[in-house]
2 protein chains.
Amino acid sequence: MSKENYDACPPKCCDMRGMLSFLILWLLSKRPMYGQELAKEIGKRRGTKPNPGTIYPALKELKKRSLIKSKKEGRVTNYHITEEGRKGIQTACEYFCKAFGEIFQERMEAAKS
Amino acid sequence: MSKENYDACPPKCCDMRGMLSFLILWLLSKRPMYGQELAKEIGKRRGTKPNPGTIYPALKELKKRSLIKSKKEGRVTNYHITEEGRKGIQTACEYFCKAFGEIFQERMEAAKS
DNA sequence: CGTTAACTATTGGGTATCCGATACATTTAA
DNA sequence: TTAAATGTATCGGATACCCAATAGTTAACG
């Protein structure tokens with residue numbers, strides 16, 4: 001899986017933020033990460049990095065719901081997905097592709113012609 | 001383009017609502033639709049249909065920003081995307097695929113193996 | 001003709017996400 | 001040693017989206 005920087009720039013016509021918990025769980029399903037690392041990874045994809053005021057409360061909530069757990073490791077606090085979180089994100093990714101897949105397919109088909 | 005019903009069921013682990021304006025513009029870029037038709041189309045994809053209290057204020061806002069226009073046609077009010085809206089959604093779709101494309105790619109690659 | 005169904009639109013209260021600011025802690029650099 | 005950088009976390013106010021309820025209109029149905 002490529003680690004390249006996406007350099008996306010959010011469009012002006014509509015707010016495309018949101019689904020933060022989904023993105024957090026998805027990223028953590030790949031590997032554990034600390035808060036700012038997560039923010040940076042989200043920023044790579046979305047073009048804007050969530051502020052501390054956004055990311056930490058979201059992490060706190062996911063932790064409260066036992067979808068992730070945290071562990072101080074050196075100078076950082078790494079967040080790990082739980083088994084419950086892993087099951088949840090599996091379902092969520094399936095849903096995501098069902099709900100939005102057509103948009104993506106449309107662009108791929110346009111790219112082929 | 002298929003018109004099949006997706007029957008998606010929203011996951012419990014994270015809130016995946018949002019980006020309503022984006023979805024509205026995208027659907028309207030295909031063809032004009034009236035309010036409840038839009039709600040139904042969104043419901044087909046997301047498994048839950050936005051309520052009138054959600055869809056109409058969003059349409060009102062998009063209209064206010066000149067991204068769509070409305071026209072009473074028979075018993076319904078059809079919404080049409082403007083040229084400005086069409087340009088906007090083009091950009092937004094590009095952004096969407098950059099920001100979230102990896103999730104689709106991941107699932108497609110998993111489906112191939 | 002009366003009833004039902006479908007559509008339009010608003011309102012009030014709620015929620016996830018968001019920004020910006022702030023404060024603190026620890027490591028790194030000067 | 002001090003300053004800068006990096007990370008953690010909270011708080012207050014804002015925004016897009018959300019639900020449920022309500023009310024009105026009009027076409028379709030019985």
Side-chain angles (χ1 to χ4, degrees), chain A residues 10-27 32-43 45-65 67-80 88 92 96 99-100, chain B residues 10-27 32-43 45-65 67-80 88 92 96 99-100:
Chain A
K12 284 185 221 125
C13 74
C14 41
D15 191 344
M16 297 188 63
R17 299 175 299 180
M19 292 202 280
L20 182 62
S21 296
F22 170 67
L23 284 174
I24 289 172
L25 285 173
W26 177 65
L27 286 169
M33 293 185 213
Y34 58 87
Q36 289 312 298
E37 192 181 0
L38 275 164
K40 201 178 304 179
E41 285 294 318
I42 292 171
R45 292 160 172 78
R46 288 199 334 195
T48 57
K49 174 179 152 184
N51 283 291
T54 304
I55 200 106
Y56 290 108
L59 286 167
K60 185 176 180 178
E61 180 65 29
L62 287 171
K63 195 168 145 192
K64 183 176 160 189
R65 292 163 55 208
L67 298 171
I68 64 173
K69 65 191 167 190
S70 64
K71 188 173 177 185
K72 187 74 183 281
E73 291 165 6
R75 62 178 295 213
V76 298
T77 301
N78 274 322
Y79 293 87
H80 304 245
F96 183 82
F100 296 99
Chain B
K12 285 187 220 122
C13 72
C14 41
D15 192 344
M16 300 190 60
R17 300 176 297 180
M19 291 201 281
L20 182 61
S21 295
F22 170 65
L23 284 175
I24 289 172
L25 286 173
W26 178 65
L27 286 170
M33 293 185 213
Y34 58 88
Q36 289 312 295
E37 192 180 1
L38 275 165
K40 202 178 300 179
E41 285 295 317
I42 292 172
R45 292 161 173 79
R46 286 197 341 194
T48 58
K49 175 180 151 183
N51 283 287
T54 304
I55 199 109
Y56 289 109
L59 285 168
K60 184 175 179 178
E61 180 66 29
L62 287 171
K63 195 168 145 193
K64 182 175 159 191
R65 292 165 54 209
L67 299 172
I68 63 173
K69 64 192 166 189
S70 62
K71 188 174 176 187
K72 188 74 182 282
E73 291 165 6
R75 62 177 297 213
V76 298
T77 301
N78 274 324
Y79 294 88
H80 303 244
F96 180 82
F100 297 98

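Side chains included, hydrogens not; waters and symmetry mates left out as well; all remaining heavy atoms used. Just so we're clear, the structure is a prediction, and the values are computed from it rather than from any experiment. Convention: sequence-line order gives letters A, B, ...; per-chain numbering from 1.
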Just list the side-chain donor-acceptor pairs under 3.5 Å for residues 71-78 of chain A, sequence neighbours left out, or say none.
unit_1  : atom_1 : unit_2  : atom_2 : d
A:Glu73 : OE1    : A:Asn78 : ND2    : 2.6
A:Glu73 : OE2    : A:His80 : NE2    : 3.2
A:Asn78 : OD1    : A:Tyr34 : N      : 3.1

Taking five pairs at each end of the helix from C:dC1-D:dG30 to C:dA30-D:dT1, what angle separates the two helix axes (nearest 10°)? 20°
Partner residues of A:Pro10 under the side chain to side chain contact (heavy atoms under 4.5 Å, CB included) criterion, sequence neighbours left out: A:Thr48, B:Tyr95
A:Lys60 NZ to C:dT17 C1': how many Å, rounded? 16 Å
Just to verify, what does A:Tyr56 make a side chain to side chain donor-acceptor pair (under 3.5 Å) with, not counting sequence neighbours? A:Gln36
Between C1' on C:dA16 and CG on A:Leu62, what's the gap in Å once rounded to a whole number? 11 Å
With a 4.5 Å cut-off on side-chain heavy atoms, are B:Leu23 and B:Arg45 touching? no
With a 4.0 Å cut-off (strictly under) to non-hydrogen atoms of chain B, the first and last hit nts on DNA chain D, 5' to 3', are D:dC17 to D:dA27
Distance test, side-chain N/O of A:Arg46 to OP1/OP2 of C:dC18, below 4.0 Å: yes
Going by side chain to side chain contact (heavy atoms under 4.5 Å, CB included), name the residues that satisfy it together with A:Ala58, two or more places apart in sequence or in a different chain. A:Leu20, A:Ile24
Not counting sequence neighbours, which residues clear side chain to side chain donor-acceptor pair (under 3.5 Å) with A:Lys69? List them please. none
Report the relative orientation of the aromatic rings in B:Phe100 and A:Phe96; use parallel for angles under 30°, tilted for 30 to 60°, perpendicular for over 60°. tilted
NA contact type, B:Tyr79, heavy-atom cut-off 4.0 Å: base, sugar-phosphate, or nothing? sugar-phosphate
Please report the distance, rounded to the nearest Å, between CZ in A:Arg65 and P in C:dT15. 13 Å
Rounded to whole Å, the CE-C1' distance (A:Met19 to C:dT15) equals 16 Å
Walk along nucleotides 19-28 of chain C from 5' to 3' and tag each nucleotide B, S or - by protein heavy-atom contact under 4.0 Å, base first, then sugar-phosphate. BB------S-
Return the set of residues passing side chain to side chain donor-acceptor pair (under 3.5 Å) with B:Thr54 (not counting sequence neighbours), or none when no residue passes. none
Partner set under salt bridge (charged side-chain N to carboxylate O under 4.0 Å, His left out) for B:Glu37, not counting sequence neighbours: B:Arg31
With sequence neighbours left out, what residues match A:Lys60 under side chain to side chain contact (heavy atoms under 4.5 Å, CB included)? none
Check this one for me: any side-chain N or O of B:Tyr56 less than 4.0 Å away from OP1 or OP2 of C:dT8? yes
Mind checking salt bridge (charged side-chain N to carboxylate O under 4.0 Å, His left out) for B:Arg65 and listing every partner two or more places apart, or none if nothing turns up? none
Between A:Lys40 and A:Cys14, just flag the one whose closest nucleotide in DNA chain D comes earlier from the 5' side. A:Lys40
